[in-house]
Amino acid sequence: MQETRLILGMTDPALEEEIFHFLERLPGIRVVGAASDSLEVSRQIHDRRPEAIVASPDVAAGMSQNGSALLVVDTRETTQALRTAMRVGARGFYVWPDEREELGRGAQGASRRRATAAAKSGRVLAVWGARGGAGATFLATNLAAACTDKDLETVLVDLDRGGADVSAALGIPPDEPMPTIADLLGVAGELTQEHLDRTLHPHPRGFRVLLAPGAVVAGDVSDPEALGTIIRHLRTAFETVVLHLPRSVDDAAAAALNEADTIVLVTTLDVFAIRHAKRQLDALSQRQLEGRCRVVLNRVARGEIVPEDVRRALGLTPVCQIRTDPAVPRAQNRGELVAGRSCPAARRVVALAKRLLDEETR
C-alpha cells in the first residue's frame with residue numbers, strides 16, 4: 001500500500017488528538033505535522049508536501065493546499081461547514097466520529113490517487129439521454145455514487161451547459177456562486193491539480209463534481225478542443241470520469257463522445273424516446289463509435305412496448321433495465337441520490353456500474 005503522509009489542521013485540541021490516534025492506527029497513514037491555525041498549516045504543507053490534509057472548516061478556509069488532497073472534518077454537518085468545504089475544493093466532508101471509517105478510506109486513497117495518476121488513465125463513462133426525461137441525469141449522478149462506493153476516485157462532469165440539471169439533482173443551491181467548467185477552459189492547456197482543487201466540488205458521497213454553467217454563460221462553453229483536453233486531464237487524475245452529456249450533439253458533445261470509453265445511451269419504453277435513440281446510434285455510427293455504446297432502459301413498466309421491441313429497433317440488447325421505482329422521484333425532489341439505498345432502482349444502478357467497470361478499457 002502506498003504511504004499517505006498527512007498533516008492535521010484542527011482548532012480543537014481534543015478533536016485533533018482523537019483524529020490523530022485513529023489515523024495513526026490505519027495502515028499506510030503517517031501523520032507528519034499538525035497545527036491549529038491556517039498560516040502554520042500552510043507553512044507545513046509547503047515544507048513537507050503531504051499527500052493529504054485533514055482540517056476543520058475554519059482552518060481549511062484560510063490555508064493553501066499546494067496540490068495536496070484536502071479532507072474537511074467537523075463534529076456536525078452544517079450548511080456553513082459544507083459550503084466552506086465546497087468553496088475551498090475539499091475532496092470530502094466527514095462528520096466525526098460517525099464517518100471516521102470513510103475519512104480513513106479517503107486519507108488512504110490520497111496516495112493511491114497520486115500513484116494512479118502517474119501510472120495509468122482512468123475510465124470515462126458518458127451518459128447520454130435519448131430525450132428529455134429519459135433519466136440521463138438520474139443515471140449519471142447515481143453512477144458516480146456507485147463507482148465511489150467501489151472505492152474508486154470518481155469525478156462527475158456536467159456538460160449540459162444549457163440545463164445544468166446535475167446541480168439540481170445534487171441539491172446544490174441555485175443562488176450559490178460556484179466555479180464551473182467555464183473557469184477551466186482558459187487554462188485547459190496548462191491544467192494543474194491546484195486548478196482542479198479550486199473548481200471541483202466535493203459531494204458528501206465522496207465523489208467530486210465539475211458543474212456546468214447556467215444558460216447565461218452557455219456560449220462560453222463551446223470549445224471542443226479545450227473540453228477534450230480537460231477530460232483527458234481528468235482521466236489521469238481520477239479512476240472513473242462520469243460525463244453527463246446534453247441531448248444535442250454539438251461540437252463540444254462530440255468531443256466528449258470521442259473521449260469516452262463507454263457511451264451509456266438511456267432510453268424509455270416509448271416511441272419518441274426509441275426514435276431519438278435510433279438517431280443517436282446513427283450519429284455514433286457516422287463517427288465509428290457505435291461499438292462503445294451500451295443501451296439502458298429506464299422507468300420500465302408494463303405497456304404496449306416491451307424491451308424486445310427496443311432490441312429490434314436499435315439492434316442492441318439493453319445491458320440494464322431499471323424498473324419504475326417510487327423511491328427515485330422522492331429522492332430527486334430532495335436533491336438526494338438512491339445509489340447505496342435498499343430499493344430496486346439503486347440495486348440496478350450498482351449492478352450496471354459493476355458491469356461497465358468490469359469491461360476492458362479500449
Side-chain angles (χ1 to χ4, degrees), residues 125-143 146 158-166 168-169 212 215 218 242-254 256-258 260 262-333 337-339 343-353 355-356 359:
L125 308 175
V127 182
W128 199 15
R131 60 176 297 192
T137 305
F138 155 76
L139 192 58
T141 52
N142 283 278
L143 268 180
D158 188 5
L159 296 176
D160 188 4
R161 60 187 187 272
D165 288 341
V166 164
V242 180
L243 307 178
H244 175 252
L245 269 58
R247 291 182 296 280
S248 60
V249 189
D250 56 13
D251 290 341
L257 289 169
N258 287 333
T262 303
I263 301 165
V264 183
L265 180 56
V266 190
T267 186
T268 49
L269 291 177
D270 64 87
V271 171
F272 294 105
I274 296 171
R275 185 169 62 182
H276 283 291
K278 176 59 176 172
R279 290 175 179 172
Q280 287 168 307
L281 275 175
D282 292 341
L284 292 177
S285 296
Q286 292 174 7
R287 294 174 170 82
Q288 298 183 333
L289 299 176
E290 68 276 13
R292 305 181 197 176
C293 187
R294 306 292 181 267
V295 175
V296 171
L297 298 183
N298 189 35
R299 297 205 308 274
V300 175
R302 290 184 179 180
E304 294 183 2
I305 300 176
V306 298
E308 177 60 22
D309 296 326
V310 177
R311 187 196 66 78
R312 285 195 295 266
L314 302 183
L316 291 175
T317 300
V319 299
C320 179
Q321 299 181 31
I322 304 173
R323 298 192 65 82
T324 299
D325 188 338
V328 173
R330 286 200 299 266
Q332 288 181 315
N333 288 337
L337 303 176
V338 299
C343 66
R347 290 192 290 271
R348 297 307 300 160
V349 171
V350 170
L352 174 63
R355 174 169 183 150
L356 297 176
E359 294 180 353

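Arg247 is linked by a salt bridge (charged side-chain N to carboxylate O under 4.0 Å, His left out) to nothing, counting only residues two or more places apart in sequence or in another chain. In this structure, the side-chain contact (heavy atoms from CB on, under 4.5 Å) partners of Ser285, at least two apart in sequence or on a different chain, are Glu290. Take Arg294 and apply the side chain to side chain donor-acceptor pair (under 3.5 Å) test, not counting sequence neighbours, and it matches Glu359.
With rounding to the nearest 0.5 angstrom, the CG atom of Leu284 is 4.5 Å from the CD1 atom of Ile263. Separating the CG atom in Leu125 from the OG1 atom in Thr262 is a distance of 5.5 Å, to the nearest 0.5 Å. In this structure, Thr267 OG1 and Leu316 CG are separated by 12.0 Å, a value rounded to the nearest 0.5 Å. Expressed to the nearest 0.5 Å, how far CD of Gln288 lies from CG of Asn258 amounts to 10.5 Å. Between the CG atom of Leu314 and the CD atom of Gln280 there is a distance of 10.0 Å, given to the nearest 0.5 Å. Atom CG of Leu297 sits about 5.5 Å away from atom CG of Leu269, to the nearest 0.5 Å.
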With a 3.5 Å cut-off and sequence neighbours excluded, list the donor-acceptor pairs that the side chains of residues 270-279 form with protein atoms.
residue, atom, partner, partner atom, Å
Asp270, OD1, Arg131, NH1, 3.0
Asp270, OD1, Phe272, N, 3.3
Asp270, OD1, Ala273, N, 2.8
Asp270, OD2, Thr268, OG1, 2.5

Could you pull out all donor-acceptor pairs under 3.5 Å where a side-chain atom in residues 325-332 meets a protein atom, sequence neighbours excluded?
residue, atom, partner, partner atom, Å
Asp325, OD1, Ala327, N, 2.9
Asp325, OD2, Ala345, N, 2.9

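Across all non-hydrogen atoms, the minimal contact from Ala254 to Arg287 is CB-NE, 3.8 Å. Closest of all the heavy-atom pairs between Cys320 and Leu352 is CB-CD1, 3.9 Å. Between Cys293 and Leu281, the closest heavy-atom pair is SG-CD2, 3.7 Å. Minimum interatomic distance between Leu257 and Arg292 (heavy atoms only, all atoms of both residues): O-NH1, 3.6 Å. Scanning both residues, Val242 and Ala140, for their nearest heavy atoms gives CG1-O, 3.7 Å. Heavy-atom minimum distance, Val127 versus Ala136: CG1-O, 3.6 Å.
Remark: the backbone N or O of Pro246 is paired with a side-chain donor or acceptor of Trp128 at under 3.5 angstrom. Looking only at distances, no side-chain donor or acceptor of Asn298 sits under 3.5 Å from a matching main-chain atom of Val266.
For residues 311-322, every residue pair satisfying the salt bridge (Lys or Arg N to Asp or Glu O under 4.0 Å) rule, not counting sequence neighbours, is listed here: Glu308-Arg311, Glu308-Arg312, Asp309-Arg312.
Residues Asp160 and Leu245 have side chains not in contact (no heavy-atom distance under 4.5 Å, counting atoms from C-beta outward).
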